[in-house]
Engineer: 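Structure in C-alpha coordinates, see below.
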Amino acid sequence: MLTCKKATHLMSASLDRPLNRRERFTLRLHLLLCRGCRAFREQIGLLREISAGFARWRDGGRE
Amino acid sequence: MSSAAELIAGFRPQMLKFARLQLQDDAAGEDAVQEAIEAALAGLDRFAGRAALKTWLFTILRHKIIDLLRERGRSVQISSLEREDEDMDAAFDALFSASEHWRPDSRPQPWADPHAALEQRQFWLVFETCLEALPARTARVFMMREFLGLETDEICSTLALTSSHCHVILHRARAGLRQCLTRGWFGSEPAPC
(Lines give C-alpha, C1' and ligand atoms only; values in the text may rest on other atoms or scores of the structure.)
Protein backbone atom coordinates (compact mmCIF):
# COMPACT_ATOMS: atom_id res chain seq x y z
CA MET A 1 0.00 0.00 0.00
CA LEU A 2 1.27 3.39 -1.03
CA THR A 3 1.85 5.82 1.82
CA CYS A 4 0.35 9.32 1.56
CA LYS A 5 3.81 10.83 1.46
CA LYS A 6 4.88 8.64 -1.45
CA ALA A 7 1.55 9.35 -3.15
CA THR A 8 2.32 13.10 -3.06
CA HIS A 9 5.55 12.42 -4.97
CA LEU A 10 3.69 10.42 -7.62
CA MET A 11 1.02 13.13 -7.90
CA SER A 12 3.69 15.78 -8.43
CA ALA A 13 5.61 13.60 -10.91
CA SER A 14 2.40 13.02 -12.91
CA LEU A 15 2.40 16.75 -13.72
CA ASP A 16 5.84 16.40 -15.30
CA ARG A 17 6.05 12.94 -16.82
CA PRO A 18 3.72 10.08 -17.73
CA LEU A 19 3.40 7.57 -14.87
CA ASN A 20 4.01 3.94 -15.70
CA ARG A 21 1.21 1.39 -15.34
CA ARG A 22 2.20 0.24 -11.92
CA GLU A 23 2.48 3.82 -10.64
CA ARG A 24 -0.89 4.72 -12.14
CA PHE A 25 -2.54 1.69 -10.61
CA THR A 26 -1.16 2.13 -7.08
CA LEU A 27 -1.92 5.85 -7.14
CA ARG A 28 -5.48 5.36 -8.40
CA LEU A 29 -6.12 2.81 -5.69
CA HIS A 30 -4.68 5.11 -3.04
CA LEU A 31 -6.76 8.07 -4.20
CA LEU A 32 -9.95 6.01 -4.07
CA LEU A 33 -9.37 5.48 -0.38
CA CYS A 34 -7.75 8.75 0.67
CA ARG A 35 -9.63 12.01 0.80
CA GLY A 36 -6.59 14.02 1.95
CA CYS A 37 -4.58 12.96 -1.08
CA ARG A 38 -7.49 13.77 -3.39
CA ALA A 39 -7.48 17.32 -2.03
CA PHE A 40 -3.69 17.47 -2.39
CA ARG A 41 -3.91 16.37 -6.02
CA GLU A 42 -6.55 18.94 -6.84
CA GLN A 43 -4.54 21.70 -5.20
CA ILE A 44 -1.19 21.02 -6.87
CA GLY A 45 -3.11 20.78 -10.15
CA LEU A 46 -4.61 24.20 -9.43
CA LEU A 47 -1.09 25.53 -8.87
CA ARG A 48 -0.50 25.15 -12.59
CA GLU A 49 -3.56 27.26 -13.36
CA ILE A 50 -2.66 29.74 -10.63
CA SER A 51 0.89 30.09 -12.01
CA ALA A 52 -0.39 30.85 -15.50
CA GLY A 53 -2.86 33.37 -14.06
CA PHE A 54 -0.14 34.93 -11.93
CA ALA A 55 2.17 35.37 -14.92
CA ARG A 56 -0.65 37.12 -16.82
CA TRP A 57 -1.45 39.34 -13.84
CA ARG A 58 2.19 40.27 -13.37
CA ASP A 59 2.80 40.95 -17.07
CA GLY A 60 -0.43 42.89 -17.33
CA GLY A 61 0.64 45.53 -14.85
CA ARG A 62 -0.47 43.87 -11.60
CA GLU A 63 -4.00 45.26 -11.60
CA MET B 1 69.45 34.94 1.37
CA SER B 2 68.62 36.68 4.64
CA SER B 3 68.27 39.92 2.67
CA ALA B 4 65.54 38.30 0.55
CA ALA B 5 63.78 37.19 3.72
CA GLU B 6 64.02 40.77 4.97
CA LEU B 7 62.60 42.04 1.70
CA ILE B 8 59.73 39.63 1.97
CA ALA B 9 59.07 40.78 5.52
CA GLY B 10 59.10 44.33 4.20
CA PHE B 11 56.21 43.54 1.84
CA ARG B 12 54.14 42.04 4.63
CA PRO B 13 52.09 45.16 5.51
CA GLN B 14 51.12 45.66 1.86
CA MET B 15 50.22 42.01 1.49
CA LEU B 16 48.12 42.14 4.65
CA LYS B 17 46.21 45.15 3.44
CA PHE B 18 45.54 43.42 0.14
CA ALA B 19 44.47 40.12 1.70
CA ARG B 20 42.21 41.73 4.31
CA LEU B 21 40.51 43.80 1.65
CA GLN B 22 39.86 40.78 -0.56
CA LEU B 23 38.73 38.45 2.18
CA GLN B 24 36.92 40.99 4.40
CA ASP B 25 38.29 39.07 7.34
CA ASP B 26 41.42 40.10 9.31
CA ALA B 27 42.26 36.67 10.69
CA ALA B 28 41.81 34.89 7.37
CA GLY B 29 43.88 37.64 5.71
CA GLU B 30 46.72 37.15 8.16
CA ASP B 31 46.64 33.39 7.64
CA ALA B 32 46.73 33.80 3.86
CA VAL B 33 49.70 36.17 4.07
CA GLN B 34 51.52 33.86 6.47
CA GLU B 35 51.01 30.90 4.16
CA ALA B 36 52.08 32.90 1.12
CA ILE B 37 55.27 34.06 2.88
CA GLU B 38 56.11 30.53 3.98
CA ALA B 39 55.58 29.24 0.44
CA ALA B 40 57.77 32.06 -0.90
CA LEU B 41 60.56 31.36 1.59
CA ALA B 42 60.43 27.65 0.73
CA GLY B 43 60.95 28.48 -2.94
CA LEU B 44 63.34 31.37 -2.45
CA ASP B 45 65.84 30.14 -5.03
CA ARG B 46 63.31 30.62 -7.84
CA PHE B 47 63.24 34.38 -8.10
CA ALA B 48 65.64 37.04 -9.28
CA GLY B 49 65.55 40.68 -8.32
CA ARG B 50 63.34 42.82 -6.16
CA ALA B 51 60.59 43.58 -8.68
CA ALA B 52 60.30 39.91 -9.52
CA LEU B 53 60.09 39.08 -5.83
CA LYS B 54 57.15 41.39 -5.26
CA THR B 55 55.25 40.11 -8.31
CA TRP B 56 55.92 36.56 -7.31
CA LEU B 57 54.82 37.12 -3.68
CA PHE B 58 51.59 38.70 -4.73
CA THR B 59 50.96 35.93 -7.25
CA ILE B 60 51.26 33.35 -4.49
CA LEU B 61 49.07 35.44 -2.21
CA ARG B 62 46.44 35.96 -4.91
CA HIS B 63 46.22 32.22 -5.47
CA LYS B 64 45.83 31.61 -1.74
CA ILE B 65 43.05 34.20 -1.59
CA ILE B 66 41.25 32.77 -4.62
CA ASP B 67 41.38 29.29 -3.08
CA LEU B 68 39.95 30.62 0.17
CA LEU B 69 37.17 32.54 -1.58
CA ARG B 70 36.26 29.53 -3.68
CA GLU B 71 36.14 27.32 -0.65
CA ARG B 72 34.10 29.88 1.22
CA GLY B 73 31.74 30.45 -1.73
CA ARG B 74 31.16 26.76 -2.05
CA SER B 75 30.53 26.13 1.60
CA VAL B 76 28.33 29.20 2.14
CA GLN B 77 26.26 28.61 -0.97
CA ILE B 78 25.80 24.90 -0.55
CA SER B 79 25.13 24.97 3.16
CA SER B 80 22.56 27.78 2.92
CA LEU B 81 20.86 26.10 -0.05
CA GLU B 82 20.70 22.84 1.81
CA ARG B 83 19.50 24.48 4.98
CA GLU B 84 16.56 26.16 3.21
CA ASP B 85 15.67 22.93 1.43
CA GLU B 86 15.91 21.01 4.69
CA ASP B 87 13.63 23.51 6.43
CA MET B 88 11.02 23.05 3.72
CA ASP B 89 11.28 19.28 3.87
CA ALA B 90 10.96 19.37 7.64
CA ALA B 91 7.77 21.47 7.36
CA PHE B 92 6.38 18.95 4.89
CA ASP B 93 7.40 15.92 6.96
CA ALA B 94 5.59 17.43 9.94
CA LEU B 95 2.28 16.90 8.11
CA PHE B 96 2.69 13.13 8.29
CA SER B 97 2.58 10.51 11.00
CA ALA B 98 5.42 8.05 11.46
CA SER B 99 3.68 5.69 9.03
CA GLU B 100 3.74 8.46 6.38
CA HIS B 101 -0.01 9.07 6.36
CA TRP B 102 -1.53 12.51 6.90
CA ARG B 103 -1.80 13.45 10.53
CA PRO B 104 -5.49 14.16 11.29
CA ASP B 105 -4.85 17.85 11.95
CA SER B 106 -2.89 18.39 8.75
CA ARG B 107 -4.82 16.31 6.25
CA PRO B 108 -5.47 18.51 3.18
CA GLN B 109 -9.02 19.88 3.00
CA PRO B 110 -10.55 21.14 -0.25
CA TRP B 111 -9.96 24.84 -0.90
CA ALA B 112 -13.17 26.85 -0.88
CA ASP B 113 -13.93 28.38 -4.27
CA PRO B 114 -10.38 28.64 -5.64
CA HIS B 115 -11.52 30.17 -8.92
CA ALA B 116 -13.04 33.14 -7.14
CA ALA B 117 -9.62 33.75 -5.58
CA LEU B 118 -8.06 34.12 -9.02
CA GLU B 119 -10.19 37.20 -9.59
CA GLN B 120 -8.72 39.05 -6.63
CA ARG B 121 -5.62 41.19 -6.64
CA GLN B 122 -5.02 40.38 -3.00
CA PHE B 123 -4.76 36.69 -3.87
CA TRP B 124 -1.97 37.37 -6.37
CA LEU B 125 -0.08 39.30 -3.74
CA VAL B 126 -0.36 36.34 -1.38
CA PHE B 127 0.83 33.98 -4.13
CA GLU B 128 3.72 36.30 -4.90
CA THR B 129 4.73 36.27 -1.24
CA CYS B 130 4.57 32.47 -1.23
CA LEU B 131 6.80 32.31 -4.32
CA GLU B 132 9.30 34.66 -2.73
CA ALA B 133 9.43 32.50 0.37
CA LEU B 134 10.71 29.53 -1.65
CA PRO B 135 14.45 28.89 -1.68
CA ALA B 136 15.94 30.56 -4.78
CA ARG B 137 16.76 27.43 -6.73
CA THR B 138 13.44 25.79 -5.90
CA ALA B 139 11.59 28.88 -7.13
CA ARG B 140 13.69 28.98 -10.26
CA VAL B 141 12.94 25.37 -11.20
CA PHE B 142 9.22 25.86 -10.49
CA MET B 143 9.05 29.02 -12.60
CA MET B 144 10.92 27.39 -15.48
CA ARG B 145 8.37 24.61 -15.40
CA GLU B 146 5.15 26.54 -14.78
CA PHE B 147 5.81 30.06 -16.10
CA LEU B 148 7.97 29.17 -19.08
CA GLY B 149 6.39 25.77 -19.65
CA LEU B 150 9.72 24.02 -20.15
CA GLU B 151 9.85 20.24 -20.00
CA THR B 152 11.55 18.73 -16.98
CA ASP B 153 14.37 17.24 -19.10
CA GLU B 154 15.20 20.65 -20.46
CA ILE B 155 15.25 22.21 -16.99
CA CYS B 156 17.45 19.46 -15.57
CA SER B 157 20.01 19.70 -18.32
CA THR B 158 20.08 23.51 -18.20
CA LEU B 159 20.69 23.48 -14.46
CA ALA B 160 22.87 20.35 -14.50
CA LEU B 161 20.51 18.43 -12.20
CA THR B 162 19.60 14.76 -12.39
CA SER B 163 16.03 14.12 -13.40
CA SER B 164 15.15 12.62 -10.01
CA HIS B 165 16.58 15.72 -8.31
CA CYS B 166 14.44 17.89 -10.59
CA HIS B 167 11.33 15.96 -9.55
CA VAL B 168 12.24 16.29 -5.88
CA ILE B 169 12.63 20.07 -6.31
CA LEU B 170 9.31 20.42 -8.15
CA HIS B 171 7.53 18.35 -5.51
CA ARG B 172 9.09 20.54 -2.80
CA ALA B 173 7.96 23.71 -4.57
CA ARG B 174 4.39 22.46 -5.07
CA ALA B 175 4.04 21.13 -1.55
CA GLY B 176 5.43 24.39 -0.16
CA LEU B 177 3.19 26.62 -2.28
CA ARG B 178 0.14 24.51 -1.46
CA GLN B 179 0.84 24.82 2.23
CA CYS B 180 1.59 28.53 1.98
CA LEU B 181 -1.64 29.28 0.08
CA THR B 182 -3.63 27.16 2.51
CA ARG B 183 -2.25 29.14 5.43
CA GLY B 184 -2.18 32.52 3.71
CA TRP B 185 -5.48 32.53 1.82
CA PHE B 186 -7.75 29.52 2.06
CA GLY B 187 -7.69 29.34 5.84
CA SER B 188 -6.01 26.81 8.06
CA GLU B 189 -6.80 23.18 7.53
CA PRO B 190 -9.51 22.15 10.02
CA ALA B 191 -9.31 18.86 11.83
CA PRO B 192 -12.50 16.99 10.84
CA CYS B 193 -12.27 14.70 7.86
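Residue numbering restarts at 1 for every chain, and letters A, B, ... go by the order of the sequence lines. Keep in mind it's a predicted model, so treat the numbers as computed, not measured.
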Engineer: Quick check for you: to the nearest 0.5 Å, what is the distance between B/M143 atom CE and A/S51 atom OG?
Structural biologist: 9.0 Å

Engineer: Locate the shortest heavy-atom distance separating B/S99 from A/T3; write the atom from each residue and the value.
Structural biologist: O-CG2, 3.8 Å

Engineer: Closest heavy-atom contact between A/L2 and B/H101?
Structural biologist: O-CE1, 3.8 Å

Engineer: Can you list the residues that meet the ring pair (Phe, Tyr, Trp, His ring centres under 6.0 Å) rule with B/F147, with sequence neighbours excluded?
Structural biologist: A/F54

Engineer: Looking only at heavy atoms, what is the nearest atom pair of A/C4 and B/W102, with distance?
Structural biologist: SG-CD1, 3.4 Å

Engineer: Taking all atoms of both residues into account, what is the closest heavy-atom pair of A/A39 and B/P110, and its distance?
Structural biologist: CB-N, 4.0 Å

Engineer: Looking at chain A, which one of B/F92, B/F142, B/F127 has the largest number of heavy-atom pairs inside 4.5 Å, strictly under?
Structural biologist: B/F127

Engineer: Measuring from A/L47:CG to B/E146:CD, what's the distance to the nearest 0.5 Å?
Structural biologist: 7.5 Å

Engineer: Please determine whether the number of non-hydrogen atoms from other residues, nucleotides or ligands lying under 6.0 Å from atom CZ of A/R38 exceeds 12.
Structural biologist: yes

Engineer: Would you find more than 12 non-hydrogen atoms of other residues, nucleotides or ligands less than 6.0 Å from B/R121 atom CZ?
Structural biologist: yes

Engineer: Under 4.0 Å between a Lys/Arg side-chain N and an Asp/Glu carboxylate O for A/R17 and B/D153?
Structural biologist: no

Engineer: Between the side chain of A/Q43 and the main-chain N/O of B/Q109, is any donor-acceptor distance below 3.5 Å?
Structural biologist: yes

Engineer: For A/L15 versus B/R174, what's the shortest heavy-atom pair and its separation?
Structural biologist: CD1-NE, 3.5 Å

Engineer: In Å and rounded to the nearest 0.5 Å, what is the CZ to CD distance from A/F40 to B/Q179?
Structural biologist: 9.0 Å

Engineer: Is there a path of hydrophobic side-chain contacts, each under 4.5 Å between heavy atoms of I, L, V, M, F, W or Y residues, that connects A/L29 with A/M11?
Structural biologist: no

Engineer: Applying the 4.5 Å side-chain criterion to the ILVMFWY set and letting contacts propagate, would B/V168 and B/L134 be lumped into a single cluster?
Structural biologist: no

Engineer: Measure distances from A/C34 to the heavy atoms of chain B and classify the residue's part below 4.5 Å as side chain, backbone, both or neither.
Structural biologist: side chain

Engineer: Can you tell me which of A/A7, A/S12, A/A55 forms the most heavy-atom pairs within a distance under 4.5 Å of chain B?
Structural biologist: A/S12

Engineer: Examine whether an atom of A/R58 lies under 4.5 Å from a heavy atom of chain B, and if so say whether it belongs to the side chain, the backbone or both; otherwise answer neither.
Structural biologist: side chain

Engineer: From the options B/H171, B/R178, B/E100, select the one residue that forms a side chain to side chain donor-acceptor pair (under 3.5 Å) with A/T8.
Structural biologist: B/H171

Engineer: Quick one: CZ on B/F96 to NZ on A/K6, what's the gap to the nearest 0.5 Å?
Structural biologist: 11.0 Å

Engineer: Identify whether A/F25 and A/L33 are in the same connected component of the hydrophobic contact network (ILVMFWY, side-chain heavy atoms under 4.5 Å).
Structural biologist: no

Engineer: Would you mind checking which part of B/L170 comes under 4.5 Å of any heavy atom in chain A, side chain (CB onward), backbone (N, CA, C, O), both or neither?
Structural biologist: both

Engineer: With a 4.5 Å cut-off on side-chain heavy atoms, are A/I50 and B/L177 touching?
Structural biologist: no

